[in-house]
Amino acid sequence: MASRSADFDDDSSGRVKRVKIEQNGTSDMDPKKNPYLAHQYNDVSKYASNASGDPLANFKRHATTAKQAKIAEDGPKNAFTGTNLSPRYFSILKKRRELPVYEQRQEFLDLYHKSNVLVFVGETGSGKTTQIPQFVCYDDLPQKKGKMVACTQPRRVAAMSVATRVAQEMDVVLGDEVGYSIRFEDMTSDKTFLKYMTDGMLLREAMNDPDLTKYSTIILDEAHERTLATDVLMALLKDVVLRRADLKLVIMSATLDSKKFQSYFHGAPLLAVPGRTHPVEIFYTPAPEDDYLSAALRTTLSIHDSQPEGDILVFLTGEDEIERAAAKIRAEVQEADMGPLDVYPLYGGLTPQQQQKIFNPPPKADVNGRPGRKCIISTNIAETSLTIDGIVYVVDTGFSKQKVFNPRVRYESLLVTPISQASAQQRAGRAGRTQPGKCFRLYTETSFKDDLIPQTYPEILLSNIAATVLELKKLGVEDLVHFDLMDPPAPETLMRALEELYYLKCLNIDGDLTEMGKLASEYPLDPAMAVMLISSSEFYCSNEILSICSLLSVPNIFVRPNHAKQKADEMKAFFAHDLGDHLTLLNVYHAFKSDEAQEDPKQWCHEHFLNYRALTQADNIRMQLKRIMERQEIELVSTPHTSPKYYDNIRQALVAGFFMQVAMKQSNNRPYLTVREEQKVVIHPGSTLKHEAEWVLYNEFTLTSANYIRTTTAVKPEWLIELAPEYYDIEDENFPDGDIKKALRRARNGVHRSEKGRK
DNA sequence: CTCATCTTC
């Protein structure tokens with residue numbers, strides 16, 4: 001199987017060498033603030049602690065040394081709280097000082113003093129996420145200025161767990177001096193001066209405080225992941241540091257792409273610290289595999305059969321594929337009597353408890369001395385979000401599902417796509433966390449070099465940016481074309497976003513934010529959804545639309561396990577509404593909130609094949625959205641359930657937001673066509689929409705095995721014309737000439753006739 | 001004939 005191997009450590013793209021590149025940063029060269037003056041204080045006792053007992057009393061902000069910090073950290077009193085340090089603190093401190101970053105603390109401080117912006121490259125295991133913010137706190141002294149140090153993370157769990165760890169390291173109570181802030185959970189207080197938070201959270205804060213005046217230093221961690229929020233924050237902060245001389249910015253990244261960050265920030269100083277990992281041997285297949293799934297199964301079984309002790313991690317693309325592969329491997333191992341192997345599927349759809357199982361110890365060796373091991377079959381959740389110790393073998397199929405966005409057709413969808421070289425490297429690295437490992441790549445070395453793109457595309461290039469554009473407008477960014485993003489989206493993507501916001505009346509014809517736009521920007525929702533919610537009181541159904549919005553903001557609430565598809569479908573039919581899925585969702589929510597279900601909601605969900613976690617999450621989101629509506633004084637009203645207009649009102653409110661996501665059935669059993677783009681689409685087979693509705697509104701357009709529209713509800717063409725006259729203006733020369741135009745003309749004439757009829 | 005992974009005062 002293995003044709004040739006390469007030493008991972010010698011791989012030219014393998015790891016960061018310890019390099020320090022000094023650049024002509026926009027540094028503060030005021031001699032009075034010269035950081036090197038700090039070195040003149042050679043008498044250690046002078047600043048060990050003063051009469052008042054404050055170990056930080058002699059610390060000069062932005063002019064401290066690693067040595068000073070070390071003395072303060074050595075105690076015996078906590079430099080920030082004044083209490084005696086615990087034994088646990090000292091045992092952790094010892095370990096902290098063995099981390100690679102610790103050696104370069106002075107180097108870090110020198111650059112941090114010199115420049116307002118600093119790029120820090122730390123590989124896995126360097127300790128950057130926990131240590132750098134502490135290094136900053138001892139020098140920036142945010143507590144003395146009533147400011148905070150922020151450190152952003154792309155994921156909630158990371159913000160939470162890192163804050164917990166750092167609170168321990170600093171011997172403080174989590175939520176006091178060190179805290180975190182993520183959606184639905186603010187674990188900070190007025191004492192907090194070091195705050196871990198999600199990047200999205202900081203972006204939200206920027207909308208109310210564009211200069212982020214609460215912070216004296218902002219650290220953007222995992223910047224190489226290039227999340228939408230981090231990209232936007234980088235662009236904003238690049239400008240903020242020019243306006244606020246007192247603000248410092250640290251960009252932390254884990255890849256070799258650091259040069260790109262450095263040049264983006266006008267040659268900011270860069271510091272690189274090596275990680276602490278074990279070498280991983282890479283094997284490629286000699287010839288391309290035409291079926292990566294069977295190749296993955298074959299390779300996994302062969303590792304188990306022939307390789308020394310050590311757990312296996314296999315990367316596949318999706319839930320269904322993973323469950324099937326897991327079943328096959330279990331069956332094969334049993335049939336061929338291959339020795340103990342525990343197989344664990346791993347993907348985001350699993351509950352945290354199910355995900356925890358991957359940390360179970362591997363089975364013991366059997367009586368014949370064959371090693372026992374565990375095998376984890378995972379999506380790319382194991383690439384960044386979850387780390388598993390003890391993995392020695394990685395099987396890399398070279399594929400993952402990735403989001404793609406087509407601005408012309410305006411759909412986001414998921415496609416099985418070859419991964420990037422950076423991704424492949426990350427996957428391989430998972431084999432070397434605790435000991436030297438092996439990575440089996442199920443593609444050729446030529447393919448790795450020639451076919452894989454070097455870096456995964458940043459999220460901003462693969463997304464509908466309408467929500468981002470609205471946020472930026474709210475932030476006061478006037479000229480979006482020249483907004484200095486690291487990777488600006490295609491002009492067409494921007495145009496489509498602006499156009500979408502114009503039709504939604506969030507922007508006027510000049511591209512300025514309207515009253516509607518201001519209101520919509522306050523919701524953590526896509527613009528169409530926000531507009532629908534804001535408009536819903538006019539249709540006397542804001543309570544119901546609020547529920548629907550919440551349900552559309554969480555993963556699929558319907559569970560359909562492979563072994564009980566029929567039973568699950570029967571249960572779903574119990575809630576089904578003939579007019580469409582939005583109304584079905586509402587039925588489920590009402591049933592979920594009923595007294596009967598609330599007696600034991602978990603059990604109730606299990607019996608009805610519903611995702612309890614998603615429903616409680618929706619409930620949470622509902623409360624959050626409700627608070628914003630109340631603040632905006634949007635009335636929470638309902639049409640009486642007995643009224644014949646109950647469902648019509650809801651459906652009209654749906655149209656008020658989603659009029660751009662409508663498809664029409666063509667005659668003669670031909671597929672549906674989307675209104676303006678005239679894309680052929682099929683209603684997703686899971687839909688509860690019963691009769692052949694001529695016009696349907698949909699929430700999502702995804703391309704999987706076909707062009708599916710998901711979560712669809714029947715609507716009437718008269719409503720489209722009435723509620724979105726500009727979008728449905730068939731006199732507009734850009735409106736495609738076809739069946740849809742004809743049908744709209746018929747409907748329009750019908751409206752006119754009925755109006756005459758009413759008179 | 002059925003969706004990767006995150007995320008938002």
Side-chain angles (χ1 to χ4, degrees), chain A residues 152-159 181-186 188 197-209 222 225-233 315-322 346-350 378-386 399-404 412-417 419 423 456 459 462-463 467-468 470-471 474 521-527 529-530 553-562 565 568-569 572 581 611 614 617 620-621 623-632 682-687 699-706 708-711:
Chain A
T152 67
Q153 297 292 321
R155 280 167 291 280
R156 290 161 53 94
V157 269
S181 179
I182 57 180
R183 191 184 190 185
F184 305 126
E185 211 182 333
D186 184 10
T188 63
M197 64 207 300
T198 49
D199 49 8
M201 196 73 193
L202 187 62
L203 191 53
R204 275 278 143 185
E205 284 189 5
M207 287 176 61
N208 294 318
D209 177 15
E222 314 290 0
E225 287 196 29
R226 304 294 309 278
T227 63
L228 229 167
T230 292
D231 270 16
V232 174
L233 279 169
F315 284 101
L316 292 180
T317 64
E319 174 174 340
D320 206 47
E321 191 180 79
I322 287 169
L346 176 64
Y347 44 87
L350 295 171
S378 174
T379 61
N380 42 4
I381 191 171
E383 207 177 290
T384 47
S385 309
L386 274 167
F399 288 98
S400 71
K401 279 197 188 172
Q402 285 165 43
K403 190 162 75 177
V404 289
E412 279 182 337
S413 68
L414 297 167
L415 280 182
V416 174
T417 314
I419 60 171
S423 227
T456 310
E459 199 184 357
L462 305 171
S463 309
T468 306
L470 185 61
E471 279 165 20
K474 176 77 201 306
S521 71
E522 292 192 24
Y523 293 87
L525 296 172
D526 271 340
M529 195 116 74
S553 304
V554 297
N556 195 357
I557 59 167
F558 296 103
V559 180
R560 195 167 184 264
N562 269 329
K565 285 184 177 166
D569 291 344
K572 188 171 178 182
D581 301 303
N611 183 339
Q617 202 187 336
N620 237 331
I621 293 174
M623 283 189 284
Q624 188 188 21
L625 298 177
K626 190 173 163 219
R627 274 198 299 275
I628 305 173
M629 289 173 84
E630 283 165 351
R631 201 172 57 222
Q632 296 186 356
V682 183
I683 294 177
H684 194 275
S687 176
N699 182 58
E700 220 178 345
F701 178 164
T702 71
L703 181 111
T704 45
S705 49
Y708 287 120
I709 48 174
R710 292 184 72 238
T711 317

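Reminder, nothing fancy here: chain letters follow the sequence lines and each chain counts from 1.
Residue contacts for A:R204: at a heavy-atom cut-off of 4.0 Å it reaches a base atom on one of the strands shown. Using a 4.0 Å heavy-atom cutoff across all strands shown, A:T198 reaches sugar-phosphate atoms only and no base atom. Within the 4.0 angstrom heavy-atom criterion, only backbone atoms of the sugar-phosphate kind lie near A:T379; the bases stay farther away. At a threshold of 4.0 angstrom between heavy atoms, the contacts of A:Y523 with the nucleic acid are absent. Contacts of A:F184 with the nucleic acid, taken as non-hydrogen atoms under 4.0 Å apart, are absent. Residue-level contact check: A:R156 touches the backbone only, with heavy atoms under 4.0 Å from sugar-phosphate atoms and none from bases. Among the heavy atoms of the strands lying under 4.0 Å from A:E700 is at least one base atom, whether or not backbone atoms are also near. No engagement by A:Q402 is indicated, since no non-hydrogen atom pair under 4.0 Å with the nucleic acid exists.
If you measure from atom CE of A:M207 to atom P of B:dT7, you get 19 Å, rounded to the nearest angstrom. Rounded to an integer number of Å, the gap from A:Q624 CD to B:dT8 C1' is 7 Å. Between the CG atom of A:L415 and the P atom of B:dA4 there is a distance of 12 Å, given to the nearest Å. In this entry the distance linking CE of A:M201 with C1' of B:dC6 reads 16 Å, nearest Å. The nearest whole Å value for the distance from the CG atom in A:L350 to the C1' atom in B:dA4 is 13 Å. The separation between A:R226 atom CZ and B:dC6 atom P is 20 Å, rounded to whole Å. A straight line from CG of A:L625 to C1' of B:dC9 spans 11 Å, rounded to a whole angstrom. Computed from coordinates, the A:L316 CG to B:dT5 C1' distance equals 15 Å when rounded to whole Å.
The two atoms that bring A:I381 and A:L346 nearest to each other are CG2-CG, 3.8 Å, heavy atoms only. Contact detail for A:K572 and A:G686: the closest heavy-atom pair is NZ-O, 2.9 Å.
A:S463 meets the side-chain contact (heavy atoms from CB on, under 4.5 Å) test with A:L228, A:K403, A:E412, A:E459; sequence neighbours excluded. A:E321 pairs by the side-chain contact (heavy atoms from CB on, under 4.5 Å) definition with A:Y292, A:L293, A:L316, A:T317, not counting sequence neighbours.
Comparing B:dC6, B:dT5, B:dT8 by their closest approach to the side chain of A:N380 singles out B:dT5. Comparing B:dC9, B:dT8, B:dT7 against the side chain of A:I628 picks out B:dC9 as the nearest. When distances run from any side-chain atom of A:H684 to the nucleotides B:dT2, B:dC9, B:dC6, the shortest one goes to B:dT2. You'll find that the side chain of A:K403 is closest to B:dA4, out of B:dT5, B:dC6, B:dA4.
No N or O donor and acceptor, one from the side chain of A:R183 and one from the base of B:dT7, sit under 3.5 Å apart.
Residue order along DNA chain B, read from the 5' end via each residue's closest nucleotide, puts A:Y708 first among A:K401 and A:Y708.
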- Mind running side-chain hydrogen bond (donor to acceptor under 3.5 Å, both in side chains) on A:S400 and A:Q402 for me, showing each step along the way? CA-CA 6 Å; A:S400 71; A:Q402 285 165 43; 3.0 Å; yes
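Ion pairing of A:E522 with A:R631 is present here, as a side-chain N (NZ or NE/NH1/NH2) and a carboxylate O approach within less than 4.0 Å.
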